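Reading through the structure tokens given below for one structure.
Atoms within a ligand are numbered from 1 in the order they appear, just like the ligands themselves. Nothing here was measured: the structure is a model prediction, and the numbers come from that model.
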Amino acid sequence: MEEKISVLIPEEKVDKRIAELGAQISKDYEGQSVHLICVLKGSIMFTCELAKRITIPVTFDFMSCSSYGADTKSSGVVRLVKDLDEPLEGKNVIIIEDIVDSGRTLSYLLEILGARKPATLKLCTLLDKPERRVKPVHVDYTGFEIPDEFVVGYGLDYDQKYRNLPYIGVVEL
Ligand code: IMP
Ligand code: MG
């Protein structure tokens, strides 16, 4: 079935905001380097575009989690599907997320990655739906706060589709 997608945040606005975030991160870590953790698959496009806008040295690693229960159980369990390849000890780690919704994924990631003794650990998300928060998390860098609507594009999917859209759209079901 083809869903109708309406534009919530146009491409130019997303690109401009990512450039601002990249400049901010470059300034905040001036004279240092950052280790970006891309949370697959949703964060892939944001991670690439953000990294292109960071002017200090950047390294990457990738991980993948699956969250159960967001729409079935209220407890919601997050499971690690793919772990990082490299240790975090002594690094300026920034977790890059596509969206913070309930906050379960990020609070889980903060707990397990924080235990690996990074020099610093911050969170950067392209989108935030604060209304949906179940677990409180402190986000250091936010692209856009959005209302409680299901969004796609820029890495975000609906049934694995629409990740390639260069803008943030809303699925009209
Ligand atoms: P959490 O509820 O904060 O743990 O978010 C879990 C994951 O749900 C996010 O990383 C996204 O992959 C996915 N997600 C949450 N809201 C949306 C949405 O509006 N569109 C697409 N994926 C979403
Ligand atoms: Mg995600």
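Using a 4.0 Å cutoff on heavy atoms, K135 does not count as a contact of ligand 1. Residue contact annotation: E149 has a non-hydrogen atom under 4.0 Å from ligand 1. By the 4.0 Å heavy-atom criterion, V152 is excluded from the residues contacting ligand 1. Ligand 1 lies out of reach of L127, whose nearest heavy atom is not under 4.0 Å from it. Not a single heavy atom of G42 sits closer than 4.0 Å to an atom of ligand 1.
Between V151 and ligand 1, an N or O atom pair is found at a separation short of 3.5 Å. In terms of N/O distances under 3.5 Å, ligand 1 is not approached by V100.
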**Q.** Verdict with reasoning, F46 to D98, per side chain to side chain contact (heavy atoms under 4.5 Å, CB included)
**A.** CA-CA 7 Å; F46 177 41; D98 48 359; 5.9 Å; no
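In terms of modelled atom types and a separation under 3.5 Å, the side chain of S102 and the main chain of V134 share no donor-acceptor contact. For D128 (side chain) and E145 (main-chain N/O), no donor-acceptor pair under 3.5 Å exists by modelled atom type.
Looking at every heavy atom in both residues, V139 comes nearest to R133 through CG2-NH2, 4.5 Å.
Below 4.0 Å from some heavy atom of K129 lie the following atoms of ligand 1, by number and element: 16 (N), 17 (C), 18 (C), 19 (O). The distance from ligand 1 to the heavy atoms of S102 drops below 4.0 Å at these ligand atoms: 1 (P), 2 (O), 3 (O), 4 (O). Of all the atoms in ligand 1, the ones that sit under 4.0 Å from a non-hydrogen atom of D157 are 21 (C). Close approach of ligand 1 to R104 (heavy-atom distance below 4.0 Å) involves ligand atoms 3 (O), 4 (O).
By heavy-atom distance, the residue among I146, D159, I168, T105 lying nearest atom 6 (C) of ligand 1 is T105.
The number of heavy atoms from other shown groups lying within 6.0 Å of NZ (K82) is above 12. The environment of CG in L110 is crowded: more than 12 heavy-atom neighbours from other residues, nucleotides or ligands sit within 6.0 Å. In the displayed structure, E86 atom CD is contacted under 6.0 Å by more than 12 heavy atoms of other residues, nucleotides or ligands.
E111 pairs by the side chain to side chain contact (heavy atoms under 4.5 Å, CB included) definition with nothing, not counting sequence neighbours. Residues passing the side chain to side chain contact (heavy atoms under 4.5 Å, CB included) test with Y141 are L21, Q24, I25, D28, Y29, K122, C124, sequence neighbours excluded.
Counting heavy atoms closer than 4.0 Å to ligand 1, residue D101 contributes atoms from both its backbone and its side chain.
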